[in-house]
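Down below is the structure, laid out as structure tokens.
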Amino acid sequence: MKSKNYILEMFPYPSGNIHMGHVRNYVIGDICARYHKLKGDDVIHPMGWDAFGLPAENAAIQFKTHPKDWTLENIKNMKSQLKKLNLDLDWDRELATCNSDYYRYQQELFIDLYNAGLAYKKDALVNWDPIDQTVLANEQVIDGKGWRTGAEVEKKNLSQWFFKITHYAEELLSGLEKLDLWPEKVKTMQKNWIGRSVGAEIKFKIAGKDNFLNIFTTRPDTIYGATFIAVSINHKIVRDCLGDSEIKKIKNEFDQISDEKEKLGFSLKLNCIHPILDKEIPIYVANFVLDTYGEGAIFGCPAHDERDYDFAKKYSLPIIKVIECNDDELPYIGNGKVINSPMLNGFEKDEAIDKITNYFKKTGIGSEKVNYKIRDWGVSRQRYWGCPIPVIYYEDGSYRVLDKSELPVFLPYDVKLEGKGNALLKNDEWRNIICSKTKKPAFRETDTLDTFVDSSWYYIRFLNNKLEKPFEPNNVNNFLPVDKYIGGIEHAILHLLYSRFFMKALRDIYKLKVDEPFKQLFTQGMITHKTYKTQKNEWVMPKDVYLENGNLYKLKTKEIVLEGPSEKMSKSKKNVIEPDEILKEYGIDATRIFMISDSPPDRELEWTEEGIQSSKNLTHRIVKYFSQEQSQIDQSTKKKVEKFIHDIEMNILNFSLNKCVADIYTLFNFLERKKIYLYNHDLSKKILTCLFPIMPNLSISLNKSIFNANDFDTWPIVDLELLKENEIRLPVQIQGKLVTTIDTLKGYKENEILKEIYKLDKIKNKIVNKKIVKVINVQDKIINIITS
RNA sequence: GCGCCAGUGGCGGAAUGGUAGACGCGCUGGUCUUAGGAACCAGUGGGCAACCGUGGGGGUUCGAGUCCCUCCUGGCGCACCA
């Protein structure tokens, strides 16, 4: 029976042109796919388009076109470019997320998630990107800036749709351990993002009132050292104590701090009662308390927390040591015996935490708590070019999630895309409807879904892109997970975490047997290229630079040019290489070879003229080799070919594609040096079959011209007998240092070979007048002689 | 600051604890050619040599690029996460 093998490269955003990064990505996948097909696997290798998203809207405004027209035109263009690469893709599985035959099923999934309690709407303080004019998920804010625009993100209170990714926080974390074919780096990043920490939640009663403040801490053992409470500016207690104008004023003060670490706080003129000591401690609103973590409130233990210490010093708050240490070590974060804490004195940290947490539980003061940094995924986007959310609102503000029978909600074509704001909001004709159930006037949700929702399940839809439901559960069980998923590391958290969440949610809703979407993840490195600048700091294209008398100059203007580091190709740095031009000049196979030859696929590849040229030369060399008439073939040639088959197979399986290229050179170096020509010998067939995944076009044409065959059969089975090497060159060491080697046969007798070894001059000279203490013979590997 | 990864010739990079530098680029010399981004041959870690060499210093081992400790450097990620 054929075994399935789902090989997938991250589908592209149809920006209009493929770039070298795409080429490298797809070549890696294509080599895998072609290899596994030759092995007889049932290979799935689809391609599609991540077609919703903002660039289309921006382009529409800029070029007075329509996002749909722009996108479809780009897809057409990019598809023809991909065709030129002649990749072995299942084009009949093609899909584009902007087509209603894709997004209508996404609307079904939205309804499923809603019914399962995994999609919900709430008022929330969200990240607002002022340039893209939309909300962003936490994952899409990097250093306080929008991931696409780089604009400073603002906080806005809006009613938004969320997916409950936190429901799976624990499983998303623990599941990482089973992903043994994922890069450690990606797993670490996800782990940090999920941010699990174990501690306690403690209730602090507010003095003179009936309510409590909930506080999460990982150090309940330091509770006796708590001398103040601090809350974030967005905590609801702040609104209870202060008026809008006061809050605004404080926010302003916080914003004005230039040193990020500087602590600033204002007393709420309110106290909390210490849950054990029965004393009152003040509540502050402080700039360093995160409102998105825990409950947005902390207890300050200045003696054993750096931040609390800074704050306490600034506002002259008491500092009480509760962990044994010297005064000059404060704030002391390390381990030690608990002191000044009647219930805990003398205990070490872990014991003390257990003990005090138990006490909290018993008395109802608090409880054990596992806290996660990850927040629910905000999926509403105030943009036109995305999947409509299947929800309607009534005049009284209530809403209804549509039934599946009411789908699809088509995205209207006739919209005015001028300037800023969501075009759907202005489209009354589309927006205003009569509810088919209540017959009441209603209006549609005008937010669309984050495009990361589109890419969270496309690999499932690829299994059957024409099905009149999202997917067929049996199909999913049989063909998922994706066996090899290849793409850039920039999606380490965003896309890959969302997809894992989706898989788990759909598993639970549809009773699927698949826990994880991607069994193996391979992250390919980016392509870099030399950069050049004039002395006026203008970037110069590498091809416009020439060398004269040891200096670099720019063509035409003859300005002096300085060479910069090799950097990721980008239009702004003018160091981009266009795939179309390269394919035209060097051909597909040479391009493919270069994409894998100079560095391991998961590392950076530096684009060089020499690199692409020598790849081209290799193809010429192979063609030339196979044009020679057949010669005598010896046993060593047969062995060499077997080794070649074996090595190249191992290297494809391990993604060590750079070593595949080395294997090819090694083979042809051997054959040419010995002037052994195989022409139409059976071995040629084997070699061409092994070359096929890497240089398919050349292999096909040689197969045709030499064997008059149109196809390759299966990947050759390695003859392990032939791989066994009988004659070996045995290294001989003295005191663990290599002295010489001796040619012998495998399976030699230790005492016999030693006799031979002792006759060797190099050995004799070294052991003369010395006593041989010991001989270590690692059979067929090495001999090490230890002398006194 | 914390975490992860990595440091090997002029360069990109190879090496299940067992001959360090496979393979490629570049370079040197040569052959052929009207010509060369062509092809072919020879060479290419350092040192005249004994020997020395995988960022530095320790350690484990008969034996370390590989394992352990420590420091340094670089890259990436996270970063007031209580």
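Quick note: numbers below take in every heavy atom, side chains included, and nothing from hydrogens, waters or symmetry partners. Every chain is numbered from 1, with letters handed out A, B, ... down the list of sequences. What you see is a predicted model, and the numbers here were worked out from it, not measured in a lab.
- Rounded to whole angstrom, the span from the CG atom of A:Asp761 across to the P atom of B:rA50 amounts to 15 Å.
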Go through the steps to decide whether A:Lys584 and A:Glu581 satisfy the test salt bridge (Lys or Arg N to Asp or Glu O under 4.0 Å), and finish with yes or no.
CA-CA 5 Å; A:Lys584 216 190 275 173; A:Glu581 289 171 25; over 6 Å; no
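- Side-chain atoms of A:Lys781 and base atoms of B:rU16 include a donor and an acceptor less than 3.5 Å apart.
- Relative to the side chain of A:Pro600, the nucleotides B:rG18, B:rG13, B:rU19 differ in distance, and B:rG13 lies closest.
- Across all strands, A:Glu184 comes closer than 4.0 Å to no nucleic acid atom at all (heavy-atom distances).
- As judged by a 4.0 angstrom heavy-atom cut-off over every strand, A:Asn617 is placed among residues touching the sugar-phosphate backbone only.
- Residue A:Tyr586 is classed as a base contact, given a heavy-atom separation below 4.0 Å to a base.
- A:Arg729 comes within 4.0 angstrom of a nucleotide base, judged by non-hydrogen atoms across all strands.
- At a threshold of 4.0 angstrom between heavy atoms, the contacts of A:Ile776 include nucleobase atoms, whether or not backbone atoms are also involved.
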Determine, stepwise, if the pair A:Lys530 / A:Glu606 fulfils salt bridge (Lys or Arg N to Asp or Glu O under 4.0 Å).
CA-CA 8 Å; A:Lys530 275 264 144 58; A:Glu606 185 177 2; 3.6 Å; yes
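- Taking syn as a glycosidic angle within 90° of 0, B:rG9 qualifies as syn.
- Here the nucleotide nearest the side chain of A:Lys624, chosen from B:rA39, B:rU19, B:rC80, is B:rA39.
- Side-chain to base pairing of A:Lys263 with B:rC80: one donor and one acceptor N or O lie within less than 3.5 Å of each other.
- Dashed line: the shortest gap from a side-chain N or O of A:Lys737 to OP1 or OP2 of B:rC52 is under 4.0 Å.
- The main-chain N or O of A:Thr222 is never found under 3.5 Å from a side-chain atom of A:His304 such that the two would form a donor-acceptor pair.
- Within the 4.0 angstrom heavy-atom criterion, no nucleotide atom of any strand lies near A:Glu295.
- In this model, the phosphate group of B:rA14 is approached by a side-chain N or O of A:Asn658 to a distance below 4.0 Å at OP1 or OP2.
- For A:Lys263 and A:Phe288, the positive end sits near the middle of the six-membered ring, less than 6.0 Å away and at most 45° from its axis.
- In this structure a side-chain-to-backbone donor-acceptor pair under 3.5 Å is present from A:Tyr748 to A:Asp780.
- Checked against B:rC23, B:rC62, B:rC80, the side chain of A:Lys774 finds its nearest nucleotide in B:rC62.
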